[in-house]
Each structure stands twice: as C-alpha cells, then as structure tokens.
Amino acid sequence: MGTKGVRAEREPAERLPVARVCVDVPLAHLDRPFDYLVPAADDEAAQPGVRVKVRFAGQQVNGFLLSRVESSDHGGKLAYLEKVVSPERVLDPEIATLARAIADRYAGNLADVLRLAVPPRHARVETQSSPAAADSEPPERPDAAASPDAAVSPHAAVSPHAASPDATASLEAASPGAVASRDVASPDAVVSQDVASPGAVVSQDVASPEAAGGPGAPADAAVPVDPDVTVSTNDAAHPAGGWDSYLAGPAYLRAVREGRPARAVWSALPGEDWPARIAEAAAATVLGGRGVVIVVADARDLDRVDRALAETLGEGRHVALNAALGPSERYRRFLAASRHQVPVVVGTRAAVWAPVPRLGLVVIWDDGDDVHAEPRAPYPHARDVLLTRARLADCAALVGGFARTGEGQLLLETGWAREIVADRAVLRRRSPAIAPTGDDFQLARDPGAVVARLPSLAWQTAKQALQAGAPVLVQVPRRGYLPSVACAECRAPARCPHCAGPLGLHGARDVPVCHWCGRAAADYSCPHCHDRRLRASVIGARRTAEELGRAFPGFPVRTSGREQVLSEVPAAPAVVVSTPGAEPLAEGGFGAVLLLDTWALLSRADLRAAEETMRRWLNAAALARPAHEGGRVVVVADGSLAPVQALIRWDPGWFAARELAERRDLGFPPAARMASVTGQAAAVAELLSLTHLPDGAELLGPVPASDEQERMLLRVTRSRAAELAHALHEAAGVRSARKAALPVRIQVDPAELF
DNA sequence: TCAATCCGTATC
DNA sequence: ATACGGATTGAC
C-alpha cells in the first residue's frame, strides 16, 4: 500500500517525541494514558490539550493529548499519532487534572469525564473565529507567563536534563491508582477529622500564598464575622453593594478581590437580588485579575445572572453556556472561554468544566436542585466538581441559596467554609410574615369560592393581597409526580375533605392522601355518588388554576409550569399558579405566597424529602414582599413540623444542621459515603465479589430496581470514601477486561438513594 | 522438529 | 475490533 510507504518514512519529533494520550474508550481497565510517537511533522501542533486520532487495538479512536515526554515506560514499540485533529488546545491543564480527580472520586473513567468536560468539536466555528483570535492571542492572555499553559509547552517545559519522563509539566493527571488526596483542606479529608475544631481546620487556608502574603489581609481567609466590617466607613471606600447586608459580606468581597481562597456558604435573604450579588462577587474577582465560574440550575436563573453580569462587568467580559444552545454556538462560547478571551463563565451544570484564565472564584446557586446531578457516567454532582475545582486551584468558593443543603452544612461544620448570613435584625426587616395553616379549614363565605375551598387563612391572605393591588403566588405540586385519584363511579375528582386539595395514592399505600395538606383520607367516599372506590386520574396545575380562579373571581389567573415558564409578572393583582421551580418574579414582590406543595414532605421514602420541601418553600417564599410592605406567606401544613418551623423563622441553617445530625445518626450521606451498584443480579454479584472493600464497609440490599435489575448499596465512612471508589473502579476494570457481557452501573453518591 | 491453528489477553 | 504470544496439535 502507498500509505504504508509513507508511514515508514515518518520520524519522531526531535524533542519530547512521546505523547501521552487519553484514548476515548469507555473501558475501566484501559483508564490510563497510552504513549505514542509524535511525527516530526506534527511537532508544532501536538501540544498538550489537543484532540488527536490514534490507532488503538487496530481501530482509529479519538483521544486527548495529555502531555509530551522524553521517553516511554512502555516495553513494546510505540505507534505514531495518526493525526492531530486540530491545534486547538481544548483540554485546559486545570480541567485535565480536575477531570482525573472527579473520575477517581466517582469510580469512573477519565475518558467518560472528558466527554462531559469538553464539548464536541465544530470545525467551522474553530476556523471562523481562529484567525482573529490567533492574531490577538498573546495580548489576550495577559497571564501567559503565569498560566499553566506556559508550562505545558513542551519546549519551554523540559530541560534536557529532566531525569524522569514525567518531569514534564503537563496535563498529566494523577494516575487512577492514586487513592486519597492527602490534602487536608479537601472537603473529604477534613471530614475525617471531625474532632478538629473549625478554627484549626480553617487555619489551613492561611497556607495559601495570597493569604500569607498580604500584611493587611486577615489571617482567616474564610472571613470571620467582623463587626467593624458591616458598620464601618470601609463600605464607602470599597462599596459592597447588597453584600453589606450580610455580616461577612464585605469582607468576603474584599477577600475575592485580593485573590484569597475564601470559601463560604451563603444563605440569601428573602427577596434578595441574588444574581446581582453573584455578579458583584464575580466583578470583585475580575478586578483582582482572576477568573470566575458560576453554575446555576436552569435557563431562567442563567438568564438572570447573564443579565446581571452584563450590567456589572460590561459587555464581552463573560459568556453564558446554556444546555439548550446548538452545537456550533455552544462550541463558539466554549472556545471564547478556552482561549481566555473572557474572565467569567456562567452556565448550567456542564459549565463547571469551563476553562477560565487564573480561576479565582467558583459559585454555585441553589445547590439542592436535583438538576445539578449529572445523569451521564460517572454521574458527578456540579457542586462536587466545583468544590473539587476550588480545592485544586486553591481559589475561593461560594455556595449560595435561599435554602441550605446537608452538604452545605457539612462544609460549615467541618470548617471548610464559613457562613455568610444576615444579622437577625436585617432578616426581620426583609422577611415576609409567614404563618402555617392546617387546622382552620372552613368554607369561604364568598360564593365564588365554593368549588376550590382553601384554608380560610390562605384564602383571606390572598384576597387581601389582591385587593391591595398585589400579585399572589400559589405553589402547587407538579403534575405527574403523583397520580391523583377520582371516583370510580362518577369520575368526580377525589377531593380532600379538609382542604379540597387533590387526593393521591402514595406508592404501596392504598389510603389516599391529600397533595396539599397531607392529610390521609382513610374513609373517603364520593360526595356526589357516595361510592367508595377510586380510580387513578391526573390533575395538573392548569385544572388547579381554573379552580383557584373561581375562588378569586374578577382577578386574572396565570399559570407557570414546566412547559410554559413565566419569567416575570407586573405589580398588579393576579393569581399566579406555579409548580415548584417555575415561579416567576413579581415586580416589587408578591403580596402573598400560598404554599400548597406539601407532597414531598410526606413521601418518607425519599431521604431528601424534607430538605427538598424546605428548598421549594424558601425559594417561593423569597419572592414575597417584606412584611412591612404587606408581604405574607401561608404554608398549608402542620406548624409543628420542622420544615414549617424553619420556614416561619426563616432559618435554613437550623434546619440543615438538624437534617445533617439526623443523617449522621442514620449513617446517610453526606455524613457517610454511599455507592450503588445496579444491574442484573449475577452481574452485581460478580462485581461485588471482585471488589476489595475497605475496612468497615457495609453492604445494604439488594433492593429491586427497574426491570430485572437489582441494586446493592455500599456504605463507608467519609475517610474511606476514596478507597471505596478506587476498589469499585478496580473491580469494574477486571470485569471489562474479561469482556463481561452484562453491564453494571456504579454510582458514587447516587442522586436517588431509595 | 516444525508449521498450522487455537485461545487468551492486551490494546502504546 | 485486531494483533500478538504462547500453547496445542498433527505431519514428517
């Protein structure tokens, strides 16, 4: 063949002739770099971070060039790189290291993680924006000397005397075999030292060069509560905007501007313009010459932060990575970040992987939202990726929300992060008046309200707000989450005898339960035909909206749900019926918020039920006006329940501490580390038999999963988490080497436990 | 004693 | 998927 002749004439590059490549093969036993010779002709293009094509096991496969080294440990003879797909260095060294760490943490393959981290190439986009970018690239990278990129240039990096092939600074990440990080400041490692006082652990922060360097810098990088900060005239010199409403807010902004690795869990005040706060934190970081990555849950939140950033930073200083973008626009924006043309990236889940120059701050908003969990292998959680990234880059981190997750609480209790909260007095000024209602069910006197009876407090509160000219938000459960039921005889929807909410059937229980107030209706009989039999039906938000509309005659009713999300409503009287997460903003805030979504609270099967309820309530209640402007919240639930108590006092910290304590008692995440193994029984058994479980590991299960599948849970202490992941990955490697036919799914920290 | 064939394993 | 090494087999 002609090609063979050409190949025979190829010569290896003169310097650093060996390329270490991560091949795109999803097999656990091949999760390590493979060495190839760099043809002299590709010497220039074959830089760390580029996509390559190589011949692997007789096939052409894609891969990423991780590093260039002097020689290979491989005994056999090396093949040449087949080709450098493009000289574009799409895998940033920081991201390569991060990806390896995340693969290890989640018992997954580097190749799988890289598929999540680097978007598919779009050649046209690359060449379209390339000439200009190439021309302006050196000036566009003011950090070139300090950036890791400089170090990964094979020519710059390696002295001829470099003894070990791996002496090259490169994208090369730790080997998969490297078990636990020894970094005491890591979230995981810290947890193993439960006895250590927060102060002792936080003092690790001081080891960062920035924190140690500045004489004016407070010793504690995580920013302690400092009374002077909130009151003093410093605010004038360094305007903190809305951050001065929080005790440690201005100090936190100062820390990020000075490049200190301040890490905080932020409990936003009700009514907070949180996108503006995040934009201010980003701006402070950029002012200090560092980059920022911001992750939010959905397109609407993204839109808000996008606009806030444009306002605060000016145009062209950030890009928004939206999951809904087409491949070319997605790649275009990724390239803008990758080429260090913008210092700030905001986006949904996948944006955790966005390269930015000199990362100084990572932000995640509403980390309890389940969309932050990646559904593709190895199922990493955005919060986890970001915090790992902050640890590796030794940069600042901000975990913000109206609610606080168990994980956020753990960061505080281990001293890894500090709290950013408002003073009680400030909180009181900003909060709506919040009251539960459970017992006070009456028929509203208003004849129009006969169809959909609400608890009278809820009805009166809404009515008053409407009459005062304000919009009212009604949060109802999402359709399809739970089947509703209707009378088997006359098909009339089965209604709660107390509050007229829709009755539903929970799992195995055959006692219908109200979706709104949670009461069981054990002896239900149809009010129309008195039949006692029920059949499944579906009642959605729209139907609820119609009925609520009749309860408030003369006022417009609007709905916001999954399919059609309202983003904002004017400051005019209207009833807005919304499912959780789809609540629009109201200009000036809602006059009243009614919380009828209590089903999650009742489903005891879900470990996170109470936390999730709390989160939905706080997110909706945060949209109400403060009490002194008439803002009121009514939650239709028993006032003695912990989430209701926490809501009334607006104390997400108290609730999260309580949740975490409970999970510690029960040995549940995040207090313990769990993993699940799912597949056909024989495959699960095989994998477990191959797993060298860490000391003290517990096996729970099997629990049946969907069709023919079963699921085993493994539990270890957090100090053994890395060992467990390593053991599972090794076992998966043995199976894949054997070409095991039946697949098993390994999930570390699975999003759904039961 | 050597070539043809089979099987398991690594994949650079 | 394919390529290779080592073991196995069968003919001389």
Side-chain angles (χ1 to χ4, degrees), chain A residues 1-43 45-85 91 96 99-100 103 108-115 152 154 157-158 162-178 377 683 686-687 689-690 729-744:
Chain A
M1 315 290 159
T3 50
K4 198 160 190 184
V6 171
R7 262 187 212 135
E9 284 163 32
R10 284 194 291 198
E11 280 185 12
E14 214 168 292
R15 323 183 67 174
L16 302 173
V18 176
R20 314 205 77 193
V21 173
C22 172
V23 292
D24 187 17
V25 174
L27 298 170
H29 67 292
L30 301 179
D31 185 22
R32 59 197 153 89
F34 290 88
D35 294 347
Y36 289 85
L37 286 173
V38 177
D42 288 331
D43 183 38
Q47 301 290 332
V50 301
R51 291 177 208 272
V52 292
K53 270 210 174 8
V54 294
R55 207 171 160 74
F56 187 74
Q59 294 188 126
Q60 292 261 33
V61 299
N62 290 310
F64 289 100
L65 199 160
L66 298 175
S67 62
R68 292 276 299 268
V69 293
E70 201 54 60
S71 66
S72 171
D73 291 340
H74 179 59
K77 60 174 183 282
L78 300 185
Y80 279 96
L81 293 177
E82 211 65 27
K83 83 187 228 204
V84 175
V85 173
L91 178 57
R100 182 68 261 171
N109 300 320
L110 179 61
D112 284 341
V113 177
L114 292 181
R115 220 172 291 128
V152 291
V158 158
S164 139
D166 289 349
T168 319
S170 71
L171 297 197
E172 191 76 53
S175 79
E686 185 195 16
L687 184 114
S689 74
L690 293 167
H729 191 234
E730 291 270 283
V734 175
R735 282 190 85 245
S736 66
R738 283 182 190 170
K739 299 187 205 292
L742 300 171
V744 288

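Protein chains get the first letters and strands the later ones, always in sequence-line order, with residue 1 at the start of each. Computed from heavy atoms alone, side chains included, the values below leave out hydrogens, waters and symmetry copies.
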Can you tell me the distance, in whole Å, between the [atom1] atom of [X] and the [atom2] atom of [N]?
| X | N | atom1 | atom2 | result |
| --- | --- | --- | --- | --- |
| Asp24(A) | dA1(C) | CG | P | 17 Å |
| Leu30(A) | dT11(B) | CG | P | 8 Å |
| Phe64(A) | dC12(B) | CZ | P | 20 Å |
| Lys77(A) | dT11(B) | NZ | P | 13 Å |
| Leu27(A) | dT2(C) | CG | P | 16 Å |
| Tyr36(A) | dT11(B) | OH | C1' | 8 Å |
| Leu81(A) | dC12(B) | CG | P | 13 Å |
| His29(A) | dC12(B) | NE2 | P | 12 Å |

Glu14(A) atom CD, over 12 foreign heavy atoms within 6.0 Å: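 For Glu14(A), atom CD is not crowded (no more than 12 foreign heavy atoms under 6.0 Å).
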
Which nucleotide in dC12(B), dA3(C), dA1(C) has an atom nearest any side-chain atom of Lys739(A):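 Of the options given, the side chain of Lys739(A) lies nearest dA1(C).
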
Quick check on dT11(B): is either OP1 or OP2 less than 4.0 Å from any side-chain nitrogen or oxygen of Arg32(A)?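 For dT11(B), OP1 or OP2 has a side-chain N or O of Arg32(A) closer than 4.0 Å.
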
side-chain hydrogen bond (donor to acceptor under 3.5 Å, both in side chains) partner of Asn62(A), chosen from Arg115(A), Arg51(A), Lys53(A):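 Result for side-chain hydrogen bond (donor to acceptor under 3.5 Å, both in side chains) with Asn62(A): Lys53(A).
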
Is there a side-chain contact between Asp42(A) and Val52(A), using heavy atoms and a 4.5 Å cut-off?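 With C-beta onward as the side chain, the pair stays apart.
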
Within a strict 4.5 Å, meaning less than it, do heavy atoms of the Leu114(A) and Phe64(A) side chains meet?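 Yes; the side chains approach each other to less than 4.5 Å.
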
